[in-house]
**Q** 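The structure that follows is given in the form of structure tokens.
Not measured: the values here are computed from a predicted model. Residue numbers begin at 1 in each chain, while the letters A, B, ... track the order of the sequences.
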Amino acid sequence: MIMTLSIAKFRMTCIYSVSALFLLLTVCAAASAEVKRYTVPEEGSPVIGPDKADITIIEFIDYQ
Amino acid sequence: MDEYKGKIRLVIKTYPYKYRDFAHMAAEAALAAWEQGRFEEMHYTMLKNSPRLERASLLGYAASLDLDMKKFTAQLDRMAHSEHIERDKALAKELDLYNTPSFFINGRRLLGNVPYEYFKKVIEEELDAINK
């Protein structure tokens with residue numbers, strides 16, 4: 001009887017562990033899928049376009 | 001990029017490659033025009049005419065845009081904006097950029113000449129995220 005109980009307990013523990021691991025992996029995958037964004041200081045540079053816009057593009061250019 | 005007019009603010013950082021003869025001078029010309037409030041026109045004129053960017057050509061472009069030639073020529077010849085250009089170059093190095101053009105679209109980095117379709121995809125994703 002006691003034996004059966006501990007096996008059941010052990011099984012549940014295994015299931016919990018596997019579920020937790022799976023959840024952790026899912027969270028990690030989601031985090032790495034998130035796009036990386038860099039902060040680039042504008043520090044007084046020429047601007048083309050409106051002062052406020054949905055998108056800011058910072059371009060490093062060589063004219064030649 | 002005309003299709004996104006009004007939705008994009010384009011900030012220009014100068015990153016002249018040191019082994020190209022006119023790269024630094026062209027950046028000087030762009031910034032000299034900027035000081036006279038004509039950056040956009042000079043920027044597109046130079047892109048259209050690149051690589052014809054030697055001194056005489058740059059002076060010609062400036063004259064065609066009715067810039068104050070005395071001021072423009074003086075700034076070009078004494079490389080008046082070197083500090084600005086060096087500042088941009090230092091930033092590029094800090095960001096590990098070795099290619100031009102390099103872009104940051106709302107902070108998302110695109111290195112080198114990426115296909116227009118990819119460029120557009122990133123812009124569309126950013127617009128979608130804002131309009132959600």
Side-chain angles (χ1 to χ4, degrees), chain A, chain B residues 1 4-17 20-27 29-31 33-34 39-40 42-44 46-47 49-51 53 58 84 87-89 91-92 94-95 97 99-110 119 122-123 125-127 129-131:
Chain A
M1 181 70 182
I2 291 169
M3 192 74 170
T4 325
L5 253 179
S6 16
I7 289 173
K9 243 186 187 176
F10 178 70
R11 269 194 192 152
M12 285 314 285
T13 312
C14 284
I15 291 169
Y16 287 142
S17 309
V18 170
S19 313
L21 188 67
F22 184 73
L23 188 71
L24 186 72
L25 284 175
T26 314
V27 170
C28 285
S32 63
E34 189 82 4
V35 291
K36 182 165 170 55
R37 288 180 197 272
Y38 294 80
T39 306
V40 183
E42 293 185 14
E43 43 185 11
S45 298
V47 175
I48 295 174
D51 289 340
K52 280 193 171 174
D54 290 343
I55 292 179
T56 293
I57 300 179
I58 298 179
E59 176 176 4
F60 285 78
I61 196 170
D62 180 349
Y63 288 103
Q64 193 172 352
Chain B
M1 287 282 92
Y4 299 111
K5 215 169 183 180
K7 291 180 177 169
I8 293 177
R9 200 172 147 262
L10 178 65
V11 179
I12 298 293
K13 298 280 185 187
T14 53
Y15 191 20
Y17 186 54
R20 287 185 186 138
D21 296 348
F22 309 121
H24 185 93
M25 201 170 26
L31 295 173
W34 179 43
F39 177 78
E40 183 171 352
M42 192 62 168
H43 172 81
Y44 288 118
M46 290 199 296
L47 287 181
N49 292 291
S50 179
L53 298 166
L58 294 174
H84 179 125
R87 178 203 72 186
D88 286 357
K89 281 160 75 173
L91 178 63
E94 218 174 281
L95 292 163
L97 303 180
N99 292 323
T100 55
S102 286
F103 301 93
F104 292 88
I105 301 179
N106 284 355
R108 293 171 65 174
R109 192 176 70 176
L110 278 73
F119 201 89
V122 174
I123 289 174
E125 280 173 10
E126 291 303 307
L127 287 174
I130 288 157
N131 296 324

**Q** Examine whether an atom of B:Ile12 lies under 4.5 Å from a heavy atom of chain A, and if so say whether it belongs to the side chain, the backbone or both; otherwise answer neither.
**A**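 Both backbone and side chain.
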**Q** Which atoms of B:Phe22 are under 4.5 Å from chain A, going by heavy atoms: the side chain, the backbone, both sets, or neither?
**A** both
**Q** Of the listed residues (A:Gly49, A:Ala53, A:Ser45), which shares the most heavy-atom pairs with chain B below a 4.5 Å separation?
**A**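 Most heavy-atom pairs within the cutoff with chain B belong to A:Ser45.
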**Q** For A:Glu42 and A:Thr56, work out which heavy atoms get closest and say how close.
**A**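 It is OE2-CG2, 3.7 Å.
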**Q** Is a donor on one side and an acceptor on the other found under 3.5 Å between the side chain of B:Tyr15 and the backbone of B:Leu97?
**A** yes
**Q** If you count heavy-atom pairs under 4.5 Å between each of A:Asp51, A:Ile58, A:Val40 and chain B, which one has the most?
**A**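 When all of A:Asp51, A:Ile58, A:Val40 are compared, A:Ile58 has the most.
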**Q** Using the rule given for side-chain contact (heavy atoms from CB on, under 4.5 Å), can you reason through A:Asp54 versus B:Tyr4, listing the C-alpha separation, both sets of side-chain angles and the distance that settles it, and then say yes or no?
**A** CA-CA 10 Å; A:Asp54 290 343; B:Tyr4 299 111; over 6 Å; no
**Q** Can a donor-acceptor pair be found, under 3.5 Å and without considering hydrogens, that links the side chain of A:Asp62 to the backbone of B:Tyr17?
**A**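 Looks like yes, one N/O pair under 3.5 Å.
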**Q** Tell me, for B:Ile123 versus chain A, whether the close heavy atoms (under 4.5 Å) come from the side chain, the backbone, both or neither.
**A** both
**Q** Could you look at B:His24 and say if it's the side chain, the backbone, both or neither that has a heavy atom under 4.5 Å from chain A?
**A**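 Neither part.
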**Q** Mark yes or no for whether B:Arg87, through its side chain, and A:Glu43, through its backbone, hold a donor-acceptor pair below 3.5 Å.
**A**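 Yes, because the side chain of B:Arg87 sits within donor-acceptor range (under 3.5 Å) of the backbone of A:Glu43.
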**Q** How would you list, by chain and number, every residue that makes a salt bridge (charged side-chain N to carboxylate O under 4.0 Å, His left out) with A:Arg37, sequence neighbours excluded?
**A**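 Partners of A:Arg37 under the salt bridge (charged side-chain N to carboxylate O under 4.0 Å, His left out) test: B:Glu126.
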**Q** Which heavy-atom pair separates B:Trp34 from A:Pro46 by the least distance, and what is that distance?
**A** NE1-CA, 3.5 Å
**Q** Where does B:Ile105 contact chain A at under 4.5 Å (heavy atoms): side chain, backbone, both or neither?
**A**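 Contact with chain A involves both backbone and side-chain atoms of B:Ile105.
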**Q** Give the member of B:Arg109, B:His43, B:Lys13 that has the highest number of heavy-atom pairs under 4.5 Å with chain A.
**A** B:Lys13
**Q** Heavy-atom distance under 4.5 Å to chain A: side chain of B:Ala29, backbone, both or neither?
**A** neither
